[in-house]
Amino acid sequence: MCGVVGYVGKGYCRNYILEGLGRLEYRGYDSSGFACIDPQTKRLAYHRAEGQLINLIHKLEGLPIDGHIGIGHTRWATHGGISEKNAHPQFDCTESIAVVHNGIIENHHHLKTELLAKNHIFLSDTDTEVVAHVCEQFFKESSSINEAILSITQKLSGAYAFVAMFQNQSDQLIAVRKGSPLCIGIGKEQMFVASDPLAFAGFTDTVLFLPDESYALVNESNIQLFDFKGKKIEPTLTTLDIQWSNDGKNGFKHYMLKEIYEQKSGIQATLSHLRSNEKDIWGQLGLTNEYVQNLKVLSIVAAGTSWHAGRIAQFFFEKLCLLPTHVMLASEFRYMPYFAQQNNLSIFISQSGETVDTLECLYLTKSMKAPSLALTNVATSALAREAGGALITHAGREIAVASTKAFSTQLTALFWFAHKMALEKRLISYRQMEHACDDLLIAAEVLENSIEKYFTKISKELAPFYAQFKRFIFLGRNISYPFAMEAALKLKEISYIFSQCYPAGELKHGPIALLDKETPVILFSNLDEQIYQKVLSNAQEVKARGAHLLTFVFEGQEELASLADHTFIIPRVNPLLGPLAMTGLMQFFVYEIADVLGCPIDKPRNLAKSVTVE
Ligand code: M6R
């Protein structure tokens with residue numbers, strides 16, 4: 001999703017900004033732009049381009065556009081189509097105020113009408129251009145910068161992070177944050193502003209994450225930070241330990257494939273970090289032993305793949321900790337009645353830790369004074385900072401839009417955490433906890449080895465065959481149902497093939513009407529014997545209707561294997577880790593289908609890596 005980068009300092013800004021935008025490319029975008037103030041003419045100069053960042057770089061090549069202050073942006077279209085005029089920066093009437101923005105100005109339509117009545121001229125279809133004109137209006141009417149910014153923040157509604165640059169103040173950037181993330185990198189005689197510290201990692205490791213509803217006046221050596229009431233805030237600085245290393249695809253055709261293969265080591269690293277921190281884990285998470293022992297209910301909130309991980313983890317917590325567990329989609333939870341419960345813990349899962357839906361649910365939970373925990377892959381993310389405590393997965397940076405290693409490391413952390421909680425509640429022994437860790441490592445082996453076992457069959461035979469179909473049905477039961485949902489999401493997002501998932505038991509309540517020769521059914525088995533028998537009946541129902549069936553089964557489940565047209569046989573693991581064991585093979589299978597179809601797998605159309613708008 002949109003990337004914001006700004007620079008003010010002794011150095012020249014263009015390279016810093018283009019480098020920063022390049023590092024944020026993986027988040028997804030469809031146009032980009034750069035603006036700076038020319039140190040000689042003191043005038044604002046800019047270029048914008050549709051499509052890849054390289055198009056902007058080519059436009060700037062050979063042009064003497066550079067300066068000591070500048071802003072840049074990668075845009076993921078929300079308001080207004082993908083075009084040069086809608087790319088950021090956006091400007092006021094006289095092109096002397098430039099704004100780059102991430103988020104959505106919800107009352108932009110109303111504001112635009114007001115501004116048009118005051119003779120403002122608009123050239124784009126974006127909500128961001130409204131911000132530039134609101135700035136123009138209030139800077140004209142106000143007696144001080146602070147007064148102007150406070151009026152602007154009162155006027156705008158929605159979630160936003162924007163950086164504004166003014167031709168008549170060529171030494172200062174204004175950074176404003178409400179909802180969407182924004183941070184400032186503090187260097188030597190230079191400052192960086194960005195939506196993600198990755199943009200300036202390596203240039204400085206000292207960072208100020210802007211608190212929500214705050215703004216900063218930033219020059220090369222100083223930051224003045226204020227809240228939305230105009231009260232000065234003492235900045236809290238953080239030292240980053242992230243580095244920018246772009247080791248590229250390392251010989252793999254796509255980042256997604258590389259990341260599928262990084263899962264075994266990601267699981268090992270996640271487990272090893274969790275184990276090394278296990279002493280006083282409750283204290284580190286802002287909880288107490290007593291609180292955990294007396295927990296009565298768990299809530300899990302997440303979006304997309306992270307929500308699927310939460311749905312699978314529901315089985316961990318309910319079975320091991322005997323805790324009723326409610327798993328909610330962040331985008332729904334936010335607008336549902338909030339029922340405060342005693343002895344509750346809310347876990348927010350997000351790979352990026354910046355997903356706005358999930359973050360807003362965290363803020364809502366905090367406002368109810370309820371305890372919260374983040375599970376994220378980005379230790380510096382807003383979710384990790386804002387939650388009462390944070391469990392960190394160690395998947396390494398995930399670049400492909402389709403989440404793979406984040407999912408398997410989330411399952412790892414949640415499985416471990418459920419055992420830790422069960423141990424605290426004296427429901428399992430320390431020995432069982434140790435076994436659980438071994439089981440995770442075994443599942444990680446199975447995850448990778450299964451890909452190897454079927455690599456040739458999938459790439460040479462199965463993927464070309466299944467790539468011919470226009471729609472798929474995915475089925476699973478019990479713990480395999482949310483896993484089947486994840487498989488369907490994976491296939492649809494990277495191949496654009498219509499994929500629908502149902503709990504296998506629901507088939508006869510309606511979806512069975514969809515079965516025909518043109519609609520293959522992908523069925524995921526289960527290691528629980530009772531559930532397996534039910535899955536078997538569902539497979540028979542599918543075959544009796546003449547539909548094509550592909551099954552993922554576990555060793556010893558020959559009857560189910562023999563019913564299928566194609567089957568993958570996976571070694572048996574701890575029954576709760578069946579989904580984790582099937583993860584690599586499932587991801588590789590759908591990846592290969594998308595590859596046969598020639599899809600842009602790492603950056604599927606319309607999608608962004610980090611969804612920072614609602
Ligand atoms: O960063 P998050 O885990 O919060 O992201 C949530 C979803 O946007 C994400 O999982 C999305 O569904 C992926 N594209 C799935 O592959």
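All ligand and atom numbering here is 1-based and tracks the order in the structure.
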- Task: Show which atoms of ligand 1 fall inside a sub-4.0 Å distance from at least one heavy-atom site of T305.
- Result: 10 (O), 12 (O), 15 (C), 16 (O)
- With the threshold set at 4.0 Å, does a side-chain nitrogen-carboxylate oxygen contact exist between E398 and K405? no
- Task: Looking only at distances, please establish whether an N/O atom of ligand 1 is found under 3.5 Å from an N/O atom of K609.
- Result: no
- Query: How about H566 and Y466: are their ring centres within less than 6.0 Å of each other?
  - Reply: yes
- Message: Among all the protein's non-hydrogen atoms, which is closest to atom 5 (O) of ligand 1, and how far away is it?
- Response: T355 OG1, 3.5 Å
- ligand 1 to V401, heavy atom cutoff 4.0 Å, flagged ligand atoms 13 (C), 14 (N), 16 (O)
- State whether K178 and D212 are salt-bridged, where the test is any N-O pair (Lys NZ or Arg NE/NH1/NH2 against Asp/Glu carboxylate O) under 4.0 Å. no
- Task: May I ask you to identify, for E493, whether its side chain, its backbone, both or neither come under 4.0 Å of ligand 1 on a heavy-atom basis?
- Result: side chain
- Please write down residue, atom name and distance for the protein heavy atom closest to atom 1 (O) of ligand 1. S352 OG, 2.7 Å
- Message: Taking the ring centre of each residue, are Y481 and Y502 less than 6.0 Å apart?
- Response: no
- Which atoms of ligand 1 have any heavy atom of S350 under 4.0 Å away? 1 (O), 2 (P), 3 (O), 4 (O)
- Counting each atom of ligand 1 from 1 as listed, which ones have a heavy atom of A402 under 4.0 Å away? 16 (O)
- When you measure from atom 8 (O) of ligand 1 to every protein heavy atom, which one gives the shortest distance, and what is it? V611 CG2, 3.9 Å
- Message: Under 4.0 Å from a heavy atom of S306: which atoms of ligand 1 are those, numbered in the order shown and with their elements?
- Response: 2 (P), 3 (O), 10 (O)
- Query: Can we call the ring centroids of Y591 and H254 under 6.0 Å apart?
  - Reply: yes
- Would you call E213 and R177 a salt bridge, taking side-chain N to carboxylate O under 4.0 Å as the test? no
- Message: Tell me if the centroids of the rings in F588 and Y454 come within less than 6.0 Å of each other.
- Response: no
- Have a look at ligand 1 and work out which part of K490, if any, has a heavy atom under 4.0 Å from it: side chain, backbone, both or neither. side chain
- Task: Would you mind checking which non-hydrogen protein atom is closest to atom 6 (C) of ligand 1, with the distance to 0.1 Å?
- Result: A303 O, 3.3 Å
- Would the W307 and F407 ring centres measure less than 6.0 Å apart? no
